[in-house]
Amino acid sequence: MPRIGGWKRYLLPPVYAILVTNFSLQGGIGMDLEIIFPDITSTLQITGCHFGLKPAKWNYPKHHHHLYELLYCQEGEALQLINGKRIQMHTGDWLFIKAGIRHETDNISESHFSFFNIHFDMDNHEMRMRLSTLEYALYPKLVADSTRLPLYMQEIEQIMQTSMLNQPQISSATERRLILTYENKLALQSFILLIIREIILLQKPVSEEADSQVQGTTMHEADTAHVIEEQLQRLSMSQGSISQMASELNISRSQYTKIFTKTYGISPRQYVTELKLKRAKHLLVSTSWTIEDIAARLGFHSASHFSRQFRQGTGVSPAQFRPKHTMKKVEF
């Protein structure tokens with residue numbers, strides 16, 4: 001199959017032929033058809049993205065964090081201790097670790113250990129659901145090499161190399177912080193998104209029942225979590241509190257939080273915040289409403305409170321996020 005720039009070129013019918021065929025099947029007479037992709041306003045958060053080279057017997061102590069983690073073993077061997085389990089990594093292996101899972105890294109070889117590490121999160125509920133079904137997942141080199149992961153790693157390595165060549169070394173002897181051009185920032189974000197996509201595709205297919213639950217969640221807990229989700233959907237568009245929602249179900253707030261977090265991999269408060277941010281992004285790009293109007297519509301105490309939450313979740317202010325020209329159409 002021919003390749004263009006390292007990508008497979010699939011022999012699909014021209015877009016024009018697809019449009020005409022689709023239109024004909026619908027019984028159309030005149031040529032007037034649009035194929036519309038969904039709006040996408042998700043924000044990808046990337047922190048601690050780095051290449052590392054560590055000596056023999058190096059250890060990173062037990063820790064946990066609120067971000068998902070991906071670790072790629074470039075060369076050497078490493079032992080991961082995850083919730084009492086020992087996972088050995090070899091050259092070319094990938095390891096995914098769910099947010100909140102305690103883990104520790106040991107270089108068990110007599111030589112150096114080189115790796116690429118990503119910590120990430122995204123305000124996308126479907127992605128969170130998929131990534132929260134497992135505490136961790138090891139993808140050996142043989143499996144990873146059957147995907148596009150090696151191609152994406154080559155691209156990221158190229159970004160690192162060109163960036164190092166084009167800027168002076170101003171960091172310490174053991175750490176060098178890169179300054180990326182805007183184009184390279186976009187490229188890095190794109191390749192990390194594609195890596196996340198490959199990791200999700202590598203997950204084993206699950207049944208509909210299992211897909212709606214995290215490992216260890218009972219049917220009763222899953223049903224309760226779904227009811228909680230419906231409540232939180234309403235709460236994100238009105239005034240109220242999580243304590244009030246818990247009272248409606250006759251359970252404590254701590255139990256309410258525990259059930260939802262266990263099933264969906266995110267706390268109720270985080271979930272409501274993400275829903276509000278998602279709706280805020282939509283209103284900012286699709287309406288000419290003022291920041292104050294949007295803040296009030298989404299139940300924030302004030303415009304300044306809304307702006308703080310928005311900047312914390314996206315890295316920019318609402319005014320910076322908003323395009324110069326907006327439409328008046330509003331849909332939820």
Quiz item: Out of curiosity, does W94 fall in the hydrophobic cluster containing I46 (side-chain heavy atoms, cut-off under 4.5 Å, transitive links)?
Solution: yes
Quiz item: What's the verdict on side chain to side chain donor-acceptor pair (under 3.5 Å) for Q320 and S317, showing C-alpha distance, side-chain angles and the deciding distance?
Solution: CA-CA 5 Å; Q320 291 172 319; S317 69; 3.3 Å; yes
Quiz item: Any donor-acceptor pair under 3.5 Å linking the side chain of Q270 with the backbone of S267?
Solution: yes
Quiz item: Shared ILVMFWY cluster between F321 and I294, side chains joined below 4.5 angstrom?
Solution: yes
Quiz item: Short question: side chain of D39, backbone of H282 - any donor-acceptor pair under 3.5 Å?
Solution: no
Practice problem: Report yes or no: do I242 and L249 belong to one cluster of Ile/Leu/Val/Met/Phe/Trp/Tyr joined by side chain heavy-atom distances under 4.5 Å? | Solution: yes
Quiz item: Same cluster or not: are Y139 and L95 linked, directly or through other Ile, Leu, Val, Met, Phe, Trp or Tyr residues, by side-chain heavy atoms under 4.5 angstrom apart?
Solution: no
Quiz item: Would you call Q255 and K258 a side-chain contact if the rule is heavy atoms closer than 4.5 Å?
Solution: yes
Practice problem: Return the set of residues passing side-chain hydrogen bond (donor to acceptor under 3.5 Å, both in side chains) with E198 (not counting sequence neighbours), or none when no residue passes. | Solution: none
Practice problem: Return the minimal non-hydrogen interatomic distance between L232 and V272, and the atom names on each side. | Solution: CD2-CG2, 3.7 Å
Practice problem: Return yes if some donor-acceptor pair links the side-chain N/O of D93 with the main-chain N/O of H90 below 3.5 Å, else return no. | Solution: yes
Quiz item: CG of N184 to OG1 of T181: how many Å apart, nearest 0.5 Å?
Solution: 3.5 Å
Quiz item: What's the verdict on side-chain contact (heavy atoms from CB on, under 4.5 Å) for Y68 and I118, showing C-alpha distance, side-chain angles and the deciding distance?
Solution: CA-CA 8 Å; Y68 298 99; I118 313 167; over 6 Å; no
Exercise. Could you identify which residues cluster with L81, counting Ile, Leu, Val, Met, Phe, Trp and Tyr as linked when any side-chain heavy atoms lie under 4.5 Å apart, either directly or through a chain of such contacts?
Key: L79, I108
Quiz prompt | L151-L186 co-clustered via ILVMFWY side chain contacts under 4.5 Å | solution = no
Quiz item: Given side chains that start at C-beta, do those of L71 and I97 come closer than 4.5 Å, heavy atoms only?
Solution: no
Practice problem: Please step through side-chain contact (heavy atoms from CB on, under 4.5 Å) for the pair L70 and I199, ending with a clear verdict. | Solution: CA-CA 9 Å; L70 279 172; I199 294 300; 3.8 Å; yes
Quiz item: Counting distance only, does the side-chain N/O of D293 pair as donor-acceptor with the main-chain N or O of W289 below 3.5 Å?
Solution: no
Quiz item: Where the side chain of D145 meets the backbone of L149, is there a donor-acceptor pair that is under 3.5 Å apart?
Solution: no
Quiz item: Can you name the side-chain contact (heavy atoms from CB on, under 4.5 Å) partners of F51, sequence neighbours left out?
Solution: Q74, F116, M153, I156, E157, M160
Self-check item: Minimal non-hydrogen separation, A303 against A295, with atom names
Solution: CA-CB, 3.9 Å
Quiz item: Between atom OG of S236 and atom CZ of R234, what is the distance when rounded to the nearest 0.5 Å?
Solution: 10.0 Å
Exercise. For E248 and Y256, test the side chains for any donor-to-acceptor distance below 3.5 angstrom and give the result as yes or no.
Key: no
Self-check item: E104 side chain reached by N59 side chain, heavy atoms, under 4.5 Å
Solution: yes
Quiz item: Crowded around L165 CG? As in, over 12 foreign heavy atoms under 6.0 Å?
Solution: yes
Practice problem: State yes or no: are the ring centers of Y136 and F96 separated by less than 6.0 Å? | Solution: no
Quiz item: Considering all heavy atoms of both residues, which atom of C73 and which atom of F113 are nearest to each other, and what is their separation?
Solution: SG-CE1, 3.6 Å
Quiz item: How long is the span from the CE atom in M89 to the NZ atom in K141, to the nearest 0.5 Å?
Solution: 13.0 Å
Quiz item: What are the two closest heavy atoms between H119 and G48, and how far apart are they?
Solution: ND1-O, 3.5 Å
Quiz item: So how far is it from I266 CD1 to F260 CZ, rounded to the nearest 0.5 Å?
Solution: 7.0 Å
Self-check item: OH/Y60: more than 12 non-hydrogen atoms of other groups inside 6.0 Å
Solution: no
Exercise. Write down the atom of L283, the atom of R322, and the distance for their closest heavy-atom approach.
Key: O-NH2, 3.7 Å
Quiz item: Is atom CZ of R102 surrounded by more than 12 heavy atoms (other residues, nucleotides or ligands) closer than 6.0 Å?
Solution: yes
Quiz item: If we ignore angles and hydrogens, is there a donor and acceptor under 3.5 Å between the side chains of Q80 and T105?
Solution: yes
Quiz item: Considering only heavy atoms from C-beta outward, does the side chain of M164 approach that of I159 to under 4.5 Å?
Solution: no
Self-check item: Geometric cation-pi criterion, K276 with F300: 6.0 Å, 45°
Solution: yes
Exercise. Using a 4.5 Å cut-off on heavy atoms from C-beta on, say whether the side chain of Y271 contacts that of Q233.
Key: yes
Quiz item: How long is the gap from CZ on F310 to CG on L298, to the nearest 0.5 Å?
Solution: 10.5 Å
Practice problem: May I ask you to check whether H103 and H63 place their ring centres under 6.0 Å from each other? | Solution: yes
Exercise. Starting from the C-alpha separation in whole Å, work towards a yes-or-no answer on side-chain contact (heavy atoms from CB on, under 4.5 Å) for R279 and R297.
Key: CA-CA 10 Å; R279 292 190 171 107; R297 170 67 181 266; over 6 Å; no
Self-check item: K98 and E69: CA distance, side-chain angles, deciding distance, salt bridge (Lys or Arg N to Asp or Glu O under 4.0 Å) verdict
Solution: CA-CA 7 Å; K98 190 177 79 168; E69 182 171 347; over 6 Å; no
Quiz prompt | Stepwise side chain to side chain donor-acceptor pair (under 3.5 Å) check, S241 with S243 | solution = CA-CA 5 Å; S241 69; S243 295; 4.7 Å; no
Quiz item: CG/L180 to NZ/K185 distance, rounded to the nearest 0.5 angstrom?
Solution: 7.0 Å
Practice problem: Grab the two heavy atoms, one from A144 and one from G92, that are nearest each other, plus how far apart they are. | Solution: CB-O, 4.0 Å
Quiz item: Under the side-chain contact (heavy atoms from CB on, under 4.5 Å) criterion, do L235 and Q244 qualify, and how do the steps go?
Solution: CA-CA 10 Å; L235 181 61; Q244 291 173 338; 5.8 Å; no
Practice problem: State, with a plain yes or no, whether a side-chain heavy atom of I200 is found less than 4.5 Å away from one of M127. | Solution: yes
Quiz item: Do the side chains of I291 and S307 get nearer than 4.5 Å, heavy atoms only?
Solution: yes
Quiz item: Would you call Q154 and Q158 a side-chain contact if the rule is heavy atoms closer than 4.5 Å?
Solution: no
Quiz item: What's the verdict on side chain to side chain donor-acceptor pair (under 3.5 Å) for K281 and T43, showing C-alpha distance, side-chain angles and the deciding distance?
Solution: CA-CA 10 Å; K281 291 176 189 176; T43 299; 2.2 Å; yes
